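First the structure, in the form of structure tokens, and then the observations on it.
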There are 2 protein chains.
Amino acid sequence: MSLRFGILGLLKYKSMTGYDLQKTFNSSLQFMWNAKTSQIYRELKTLESQQLVSSSVIEQESKFDRKVYTITTKGNEAFLRWLQKFPQDLNAPIRDEFIMRIFFSEFMDDDEVSFEIRRYQKQQEDLLQILNLIQNKAELDAKENSYERSLFYWLLTIKRAMKSIEAEKEWAEESLALIESRKG
Amino acid sequence: MSLRFGILGLLKYKSMTGYDLQKTFNSSLQFMWNAKTSQIYRELKTLESQQLVSSSVIEQESKFDRKVYTITTKGNEAFLRWLQKFPQDLNAPIRDEFIMRIFFSEFMDDDEVSFEIRRYQKQQEDLLQILNLIQNKAELDAKENSYERSLFYWLLTIKRAMKSIEAEKEWAEESLALIESRKG
DNA sequence: AGGATCATGTAACCGGTTACATGATTAC
DNA sequence: GTAATCATGTAACCGGTTACATGATCCT
């Protein structure tokens with residue numbers, strides 16, 4: 001139910017093709033929402049049928065056509081109505097396969113568990129690096145296009161992702177130590 | 001795809017009814033996986049048709065019947081096969097409506113944003129309290145039923161949830177301060 | 001020449017959510 | 001008496017995933 005509003009929100013900044021939308025999702029909203037290409041195209045079709053977005057085909061010489069989506073007045077209203085009504089329960093539902101596997105790890109060898117936790121730790125470090133790049137890019141982007149006001153909140157969401165990844169890394173480190181010390 | 005293995009894993013500890021399974025989910029796996037009652041009953045039916053679990057109706061005098069599910073040998077094998085093959089990518093897909101709304105908060109009044117972040121902070125504190133209760137209960141439970149080995153990993157998963165909630169709380173505190181300081 | 005990326009989709013499936021339905025038992 | 005909890009489900013819908021399909025353009 002929120003994907004549609006993610007799309008509408010991004011289109012408020014700039015009109016885009018489905019392809020661009022997915023790219024933007026992956027470089028800004030990826031730490032809050034995941035979306036597959038197929039889902040975006042389907043959602044755009046629905047949004048257009050409800051007149052929340054409109055599309056126009058842009059012809060380009062030497063390149064093939066692009067179908068650019070623009071948010072409509074009606075779409076803008078729907079977006080703002082959604083934004084101003086936060087749900088009562090603000091906690092995101094969790095579905096984390098990795099931690100469920102850790103929960104059941106008594107049925108595995110400790111060494112294998114350690115191996116997987118180390119792998120997890122590594123992946124978190126990689127994510128941190130990506131987040132750093134995104135943060136730098138966000139700051140540049142905002143200065144160039146004078147998005148100063150939106151930058152503030154964008155940086156808040158990036159900081160949240162970073163903090164949470166730092167916590168995961170710490171947990172991994174401590175858990176590895178605990179597993180090690182339990183051996184003796 | 002992981003719900004089925006969550007069910008199988010829990011049934012390894014104890015045979016249960018669908019109702020009990022949901023209760024157990026809510027007091028142990030709730031910070032890793034969410035499941036609705038209807039989904040559990042549907043999944044149990046599927047699991048039974050594949051002979052991964054079996055059911056027997058227990059008649060009770062003065063009470064009505066209970067349909068108790070037990071994991072089969074085949075189910076046990078399937079569970080262990082799943083457990084020993086961790087996916088390459090260990091990151092859980094994120095779908096967090098709250099933080100997406102924060103991302104778009106430039107279109108809201110700062111005071112409203114602060115209000116929602118405070119509400120979020122409060123909800124995180126409530127979760128921490130619940131986690132503390134769960135942790136205490138887990139420790140008691142494990143001692144009574146000699147689950148010592150599974151307790152170790154259970155506590156690891158609880159600690160991870162706590163750490164991540166602490167990080168959220170910190171983020172909320174810092175964000176509120178930033179929003180406040182930006183006013184001047 | 002060949003691989004990466006741009007670009008736009010469709011179809012089928014599967015898993016999760018919402019709403020509905022029913023009724024017994026227990027604790028206050 | 002009545003509200004909460006125990007207990008078991010069904011049906012319809014919706015959103016997300018996987019796999020397929022196609023072809024142009026850009027970079028090396």
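Given the structure is predicted, the values throughout are model-derived calculations rather than measurements. Lettering of chains follows the sequences in order, A, B, ..., and the numbering in each one begins at 1.
- With rounding to whole Å, A:L3 atom CG is found 10 Å from D:dT17 atom P.
- Atom-to-atom, NZ of A:K67 to C1' of C:dC6 comes out at 17 Å; the value is rounded to the nearest Å.
- Contacts of residues 22-50 of chain A with DNA chain C (heavy atom under 4.0 Å): A:K23, A:T37, A:S38, A:Y41, A:K45.
- Side-chain contact between A:K14 and A:D20: absent, with no pair of heavy atoms (C-beta onward) separated by less than 4.5 Å.
- For the pair A:R66 CZ and C:dT5 C1', the computed distance is 13 Å after rounding to whole Å.
- Using a 4.5 Å cut-off on side-chain heavy atoms (C-beta onward), B:N91 and A:Q124 make contact.
- Taking the side chain of B:Y69 as heavy atoms from C-beta on, and the options C:dT8, C:dG16, D:dG9, the nearest nucleotide is D:dG9.
- We find that CG of B:D20 is positioned 6 Å from P of D:dA7, with the value rounded to whole Å.
- Considering only side-chain N and O atoms, B:R4 lies nowhere under 4.0 angstrom from the phosphate OP1 or OP2 of C:dC14.
- Between B:F104 and A:Y13, the angle of the ring planes stays under 30°, which puts this pair in the parallel group of the 30/60° scheme.
- With a 4.5 Å cut-off on side-chain heavy atoms, A:F103 and B:L29 count as touching.
- Between A:L21 atom CG and C:dG9 atom C1' the separation is 15 Å, expressed in whole Å.
- Whole-Å rounding puts the B:E97 CD to D:dG16 P distance at 11 Å.
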Item to complete: Check the pair B:E168, B:L127 against side chain to side chain contact (heavy atoms under 4.5 Å, CB included), reporting the backbone distance first and the verdict last.
Response: CA-CA 11 Å; B:E168 304 290 355; B:L127 274 186; over 6 Å; no
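- Rounding to whole angstrom units, OH of residue A:Y19 and P of C:dT8 are separated by 9 Å.
- Using a 4.0 Å cut-off between charged nitrogen and carboxylate oxygen, B:K163 and A:E170 count as a salt-bridge pair.
- Taking the nucleotide of DNA chain D with the nearest heavy atom to each of B:T17 and B:P93, the more 5' of the two is matched to B:T17.
- Relative to the axis of its first five pairs, the axis of the last five pairs of the helix from C:dA1-D:dT28 to C:dC28-D:dG1 sits at 50°, rounded to 10 degrees.
- Annotation for B:I58: hydrophobic cluster partners, listed by chain and number, are B:V68 (ILVMFWY side-chain heavy atoms under 4.5 Å, direct or chained).
- For the pair A:M16 CE and C:dT8 P, the computed distance is 12 Å after rounding to whole Å.
- Atom NZ of B:K183 is surrounded by more than 12 heavy atoms from other residues, nucleotides or ligands within 6.0 Å.
- The pair A:K74-A:E77 does not meet the salt-bridge criterion, since no charged nitrogen lies less than 4.0 angstrom from a carboxylate oxygen.
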